[in-house]
Amino acid sequence: MYEVAVIEDPAAAEASLDPMRSKLLAELVQPGSATSLAARVGLARQKVNYHLRTLERHGLVELVEERKKGNVTERVMQATAASFVISPVALAAVQPDPGKAPDRLSARWLLAVAAQLVRDVGTLITGATEARKRVATFAIDGEVRFASAADRAAFAEELADAVTALVSKYHDETAENGRDHRLVVAVHPSLKEH
């Protein structure tokens, strides 16, 4: 089971967004059968089976084992990932394009860049999984508390200068076997969990 999987197929996204199927995906972090799930989610076993088959058809759950119980074969299923992210590719006709309005101070542009990040990394993960390889990535996630809006603006300016200097130092347009990498740096207000 993967820690996170990206849903790119529109039909799989639709299947995962059904409230009952979403609940079943959450339950199936640990393997379970239609019978055991029915008791936990308060639904008839036949209905749970219907939802499981839909999730299985879209690659969101997989068969872990089959158990014989008398004349019945019980199928034990597990989610293919502990959590899922729906890629903007699933909404291809309306996915955001950060190239349309590049405004580094706009929250909506930041959202478009984040959507592109999900789309690109999702595509890389899918390709790497098929090729049985790993994707070379790096991320920094942190939090900073600014005393004022002026401090935040100064930080953003210094950060932009530092990143520009690093890119200038390491970017080599002439590297014959080089590989381009996308760099995304974002600063936004933190949300407090309640």
task = Inspect the contact between Arg67 and Glu65 and indicate whether a charged nitrogen and a carboxylate oxygen are less than 4.0 angstrom apart.
result =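 Yes.
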ask   = Below 4.0 angstrom, N of the basic side chain to O of the carboxylate: do Glu143 and Lys192 qualify?
value =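 Yes, Glu143 and Lys192 are salt-bridged.
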ask   = Counting only heavy atoms not in Arg152, do more than 12 fall under 6.0 Å of its CZ?
value =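 Result for CZ/Arg152: open.
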Does [Y] offer a backbone N or O that forms a donor-acceptor pair with the side chain of [X] under 3.5 Å?
{"X": "Ser36", "Y": "Gly32", "answer": "no"}
{"X": "His188", "Y": "Ala186", "answer": "no"}
{"X": "Glu8", "Y": "Thr123", "answer": "yes"}

ask   = Which ring pair (Phe, Tyr, Trp, His ring centres under 6.0 Å) pairs, counting each pair once, include a residue from residues 119-174, with sequence neighbours left out?
value =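 Non-adjacent pairs meeting ring pair (Phe, Tyr, Trp, His ring centres under 6.0 Å): Phe146-Phe155.
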query = Which pairs pass ring pair (Phe, Tyr, Trp, His ring centres under 6.0 Å) with one or both residues in residues 3-31, sequence neighbours excluded?
reply =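 Listed by first then second residue: nothing to list.
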side-chain hydrogen bond (donor to acceptor under 3.5 Å, both in side chains) pairs, two or more places apart, involving [range]:
{"range": "residues 11-22", "value": "Arg21-His51"}
{"range": "residues 40-50", "value": "Glu27-Arg40"}
{"range": "residues 85-99", "value": "Gln95-Arg119"}

Would a hydrophobic clustering, with Ile, Leu, Val, Met, Phe, Trp and Tyr connected at side-chain separations under 4.5 Å, put [X] with [Y]?
{"X": "Leu43", "Y": "Met77", "value": "yes"}
{"X": "Val121", "Y": "Leu110", "value": "no"}
{"X": "Val64", "Y": "Leu52", "value": "no"}
{"X": "Val113", "Y": "Leu124", "value": "no"}
{"X": "Leu117", "Y": "Leu183", "value": "no"}

Steps toward side chain to side chain contact (heavy atoms under 4.5 Å, CB included) verdict (Thr129, Tyr2) = CA-CA 11 Å; Thr129 301; Tyr2 297 110; 3.1 Å; yes
Could you tell me which residues satisfy side chain to side chain donor-acceptor pair (under 3.5 Å) with [X], sequence neighbours excluded, listed by chain and number?
{"X": "Ser83", "value": "none"}
{"X": "Thr73", "value": "Lys68"}
{"X": "Glu74", "value": "Ser33"}
{"X": "Thr174", "value": "Asp172"}

For [X], which residues count as a side chain to side chain contact (heavy atoms under 4.5 Å, CB included) partner, sequence neighbours excluded?
{"X": "Arg134", "value": "none"}
{"X": "Thr164", "value": "Ser168"}
{"X": "Val85", "value": "Val4, Val118"}

[Y] and [X], any side-chain heavy atoms less than 4.5 Å apart:
{"X": "Leu17", "Y": "Ile86", "value": "yes"}
{"X": "Met1", "Y": "Gln78", "value": "yes"}
{"X": "Leu37", "Y": "Leu28", "value": "yes"}
{"X": "Glu66", "Y": "Val76", "value": "no"}

Gap separating the [atom1] atom of [X] from the [atom2] atom of [Y], nearest 0.5 angstrom:
{"X": "Ile125", "Y": "Thr137", "atom1": "CD1", "atom2": "OG1", "answer": "8.0 Å"}
{"X": "Ile7", "Y": "Thr126", "atom1": "CD1", "atom2": "OG1", "answer": "11.0 Å"}
{"X": "Leu55", "Y": "Leu25", "atom1": "CG", "atom2": "CG", "answer": "5.0 Å"}
{"X": "Lys69", "Y": "Asn71", "atom1": "NZ", "atom2": "CG", "answer": "13.5 Å"}

inquiry  = On a heavy-atom basis, which atom in Pro96 and which in Ala115 lie closest, and how many Å separate them?
reply    =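 Smallest interatomic distance, heavy atoms only, reads CG-CB, 3.4 Å.
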